[in-house]
Amino acid sequence: MKILVTGSSGMLGTDLCDVLADKHDVVGIDIARGKGQESRVKKFHEVDITELEAARKVIEAEQPDIIVHAAAWTDVDGCEREQDKAEKINVEGTRNIASVSELAGIPVVLVSTDYVFDGEKTAPYVESDLPGPLGVYGRTKLESEKIVMKSLTYYVIVRTSWLYGRYGRNFVDTIVTKGETGEKLEVVEDQTASPTYTKDLANALKRIIASGVAAGQEILHISNAGQCSWCEFAKKILALKNINTEVKGISSERCGRPAKRPGFSVLDNGRFNKLLGCQMRPWQEALAEYLGESHGAR
Ligand SMILES: NC(=O)c1ccc[n+]([C@@H]2O[C@H](COP(=O)([O-])OP(=O)(O)OC[C@H]3O[C@@H](n4cnc5c(N)ncnc54)[C@H](OP(=O)(O)O)[C@@H]3O)[C@@H](O)[C@H]2O)c1
């Protein structure tokens with residue numbers, strides 16, 4: 001199968017290209033080539049997805065069987081400060097990918113986020129729960145979902161949460177680096193979700209593509225199993241690395257980030273489990289593997 005991945009130089013995109021390259025012909029597009037570590041993607045096109053003609057040219061020339069749309073502006077606080085940029089990349093960029101794909105009859109897998117929810121629930125969010133984003137990032141991602149649902153005949157929207165992986169700046173690496181300085185850490189304790197390893201999500205996306213689910217219209221929640229707060233996540237990272245640094249839980253208010261985040265955004269994987277006949281592993285297990293692979297022996 002020929003698969004085109006947007007955002008192929010990003011944290012998820014790079015792992016996804018690697019995972020897909022085993023069995024498929026992978027074409028990557030991104031605003032810039034890989035940041036240091038190249039994936040095994042055979043073909044790469046430098047494309048700004050906000051430029052319709054550029055996106056159209058590449059998609060029409062490549063004629064992929066399916067597109068995984070992972071490109072986005074993912075800086076949650078940046079989106080809050082620069083709404084126009086967030087709209088342009090997350091909304092207009094998706095509109096361009098969706099319109100060209102529909103014209104060419106290509107199904108799209110859109111990667112979306114738990115931040116489309118307001119966090120008021122106390123049980124994991126299912127796909128039919130009403131979204132209610134609290135910030136610009138979540139709102140623009142929700143807009144992108146709506147565009148995909150409205151303009152495409154065949155699509156899968158995959159919502160995921162709290163990604164970390166080898167090919168991007170992430171919370172796990174930050175905690176390890178800060179923890180090693182020995183300074184006491186203050187970490188938010190009133191936000192709960194499921195940390196998700198990009199490699200695990202990439203494998204789940206590969207299964208979705210192979211299953212033919214994309215020849216329909218589907219929304220799926222996919223995160224590593226289990227839940228924790230950022231503070232519990234940080235403590236587990238340090239414990240697995242044998243770093244004895246004190247971690248103090250603080251409120252989101254005290255942390256003072258520009259964008260409001262949901263207090264509880266755990267996603268229920270039930271539909272994915274049932275449809276694909278498989279389960280995501282617990283976040284602690286995925287984290288242990290990541291730390292072992294990326295940070296040397298534990
Ligand atoms: N990170 C998370 O915790 C998280 C959680 C839930 C869902 N998601 C979703 O998962 C997907 C992948 O996220 P990620 O963490 O892997 O993000 P990422 O590392 O920022 O990857 C996104 C890629 O898209 C590129 N891009 C940005 N603007 C573009 C444009 N105009 N044209 C073409 N490419 C462009 C980015 O380039 P630059 O680096 O130069 O901007 C980057 O290489 C996103 O759709 C995100 O919304 C992420």
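Quick note: residue numbers are just sequence positions, from 1.
A 4.5 Å side-chain heavy-atom check between Glu285 and Arg281 finds at least one atom pair inside the cut-off. Taking 4.5 Å as the limit, some side-chain heavy atom of Leu185 sits within range of a side-chain heavy atom of Leu238. Between Ile106 and Pro64 there is a side-chain heavy-atom pair separated by less than 4.5 Å. A 4.5 Å side-chain heavy-atom check between Lys248 and Glu189 finds every atom pair outside the cut-off. Contact check for Lys2 versus Glu62: side-chain heavy atoms found under the 4.5 Å cut-off. Side-chain contact check for Glu82 versus Trp73: some heavy-atom pair is nearer than 4.5 Å. You'll find the side chain of Thr140 stays beyond 4.5 Å of the side chain of Ser144, heavy atoms only. Side-chain atoms of Gln227 and Phe264, non-hydrogen and from C-beta on, do get closer than 4.5 Å to each other.
Side chain of Tyr125 to backbone of Gly119: a donor-acceptor contact under 3.5 angstrom is found. Of the possible donor and acceptor atoms, none in the side chain of Glu46 sits under 3.5 Å from a partner among the backbone N and O of Ile29. With hydrogens and angles ignored, the 3.5 Å screen pairs no side-chain donor or acceptor of Glu87 with any backbone N or O of Glu92. The backbone N or O of Met1 lies less than 3.5 Å from no partner atom in the side chain of Asp65, so there is not a single donor-acceptor pair. Of the possible polar contacts, one joining the Arg261 side chain to the Ala259 backbone as a donor-acceptor pair under 3.5 Å is found. Of the possible donor and acceptor atoms, none in the side chain of Lys43 sits under 3.5 Å from a partner among the backbone N and O of Val26. Using modelled atom types, no side-chain atom of Asn90 and backbone atom of Lys141 make a donor-acceptor pair closer than 3.5 Å. Thr181 places a side-chain N or O within donor-acceptor distance of the main-chain N or O of Lys178, the cut-off being under 3.5 Å. Of the possible polar contacts, one joining the Thr160 side chain to the Ile222 backbone as a donor-acceptor pair under 3.5 Å is found. Judged purely by atom type and a 3.5 angstrom limit, Glu289 has no side-chain atom pairing as donor or acceptor with the backbone of Ala286.
The only option from Val172, Leu287, Ile175 that meets the side chain to side chain contact (heavy atoms under 4.5 Å, CB included) definition with Lys236 turns out to be Leu287. Screening Thr6, Val47, Ile49 for a side chain to side chain contact (heavy atoms under 4.5 Å, CB included) involving Val58 leaves a single residue, Val47.
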Under the side-chain contact (heavy atoms from CB on, under 4.5 Å) rule, what do Arg271 and Val126 come out as? Steps first, then yes or no, please. CA-CA 8 Å; Arg271 187 163 174 74; Val126 293; over 6 Å; no
Might you work through the side-chain contact (heavy atoms from CB on, under 4.5 Å) test for Glu218 and Tyr155, ending with a clear yes or no? CA-CA 6 Å; Glu218 195 60 64; Tyr155 64 81; 5.9 Å; no
side-chain contact (heavy atoms from CB on, under 4.5 Å) evaluation trace for Leu16 with Asp18: CA-CA 5 Å; Leu16 182 59; Asp18 267 349; over 6 Å; no
Apply side-chain contact (heavy atoms from CB on, under 4.5 Å) to the pair Arg139 and Val116, showing each step before the final yes or no. CA-CA 6 Å; Arg139 181 175 56 72; Val116 298; over 6 Å; no
Working note: Ser252 + Asp190, criterion side chain to side chain donor-acceptor pair (under 3.5 Å); need CA distance, chi angles, decisive distance, verdict. CA-CA 6 Å; Ser252 304; Asp190 56 3; 2.5 Å; yes
With side chain to side chain donor-acceptor pair (under 3.5 Å) as the test, would you mind laying out the steps for Ser161 and Ser194 before giving the verdict? CA-CA 6 Å; Ser161 57; Ser194 311; 4.7 Å; no
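For the atom pair Ser112 OG and Leu142 CG, the distance stands at 7.5 Å (nearest 0.5 Å). For the atom pair Cys79 SG and Ile89 CD1, the distance stands at 8.0 Å (nearest 0.5 Å). For the atom pair CZ (Arg56) and CG (Asn96), the distance works out to 11.5 Å, reported to the nearest 0.5 Å. Separation of atoms CG (Asn224) and CD (Gln279) is listed at 12.0 Å; rounding is to 0.5 Å. Atom CG in Leu291 sits 5.5 Å away from atom CG in Leu240 (nearest 0.5 Å). Rounding to the nearest 0.5 Å gives a distance of 10.5 Å between SG of Cys17 and OH of Tyr167.
Defined by atom type and a distance below 3.5 Å, a donor-acceptor pair is present between the side-chain atoms of Glu293 and Tyr197. Side chain to side chain, Glu183 and Thr245 fail the donor-acceptor criterion of an N or O pair below 3.5 Å. Between the side chains of Asn170 and Asp173, at least one donor-acceptor pair of N or O atoms lies under 3.5 Å. There is no side-chain donor-acceptor pair under 3.5 Å between Gln191 and Ser229.
Heavy atoms only, all atoms of each residue included: Ser211 and Leu276 are closest at CB-CD1, 3.6 Å. A pairwise comparison of heavy atoms in Ser265 and Tyr115 identifies OG-CE1, 4.4 Å as the closest pair. A pairwise comparison of heavy atoms in Gly249 and Cys231 identifies CA-SG, 3.7 Å as the closest pair. Nearest approach of Ala214 to Pro107, heavy atoms of both residues: O-CB, 3.6 Å. The shortest non-hydrogen separation linking Ile3 to His24 is CD1-CG, 3.4 Å. The two residues Asp118 and Glu120 come nearest to each other via the heavy atoms OD1-N, 2.9 Å.
Between Phe233 and Trp283, the gap from one ring centroid to the other is short of 6.0 Å. Taking the six-membered ring where the residue is Trp, the centroids of Trp162 and Trp230 are separated by under 6.0 Å.
Salt-bridge check for Asp114 with Arg159: failed, with every basic side-chain N at 4.0 Å or more from each acidic carboxylate O. Ionic pairing of Asp15 and Lys199 is not present here: no N-O contact between side-chain nitrogen and carboxylate oxygen is shorter than 4.0 angstrom. Salt bridge Lys235/Glu232: absent, no basic N to carboxylate O contact under 4.0 Å. Ion pair Glu143/Arg95 not flagged as a salt bridge, since none of the NZ, NE, NH1 or NH2 atoms sits closer than 4.0 Å to an Asp/Glu carboxylate oxygen.
By the 6.0 Å contact criterion, NZ on Lys260 is open, its count of non-hydrogen atoms from other residues, nucleotides or ligands being 12 or less. Shown here is Phe171, whose CZ atom has more than 12 heavy atoms of other residues, nucleotides or ligands within 6.0 Å. Counting non-hydrogen atoms of other residues, nucleotides and ligands closer than 6.0 Å to NZ of Lys57 gives a total of 12 or fewer. By the neighbour-count criterion of 12 heavy atoms within 6.0 Å, atom CZ of Arg207 is sparsely surrounded, having that number or fewer from other residues, nucleotides or ligands.
The hydrophobic cluster containing Val156 also contains Val68, counting ILVMFWY residues as joined when their side-chain heavy atoms lie under 4.5 angstrom apart, directly or transitively. With hydrophobic clusters built from ILVMFWY side chains whose heavy atoms lie under 4.5 angstrom apart, Val109 does not share a cluster with Ile59. Under the 4.5 Å side-chain contact rule for hydrophobic residues, Val213 and Leu152 do not share a cluster. Ile157 is not connected to Val266 by any chain of hydrophobic side-chain contacts under 4.5 Å among Ile, Leu, Val, Met, Phe, Trp and Tyr, and they are in different clusters.
Cation-pi geometry between Lys121 and Phe117 is not satisfied (NZ or CZ under 6.0 Å from the ring centre, within 45° of the ring normal).
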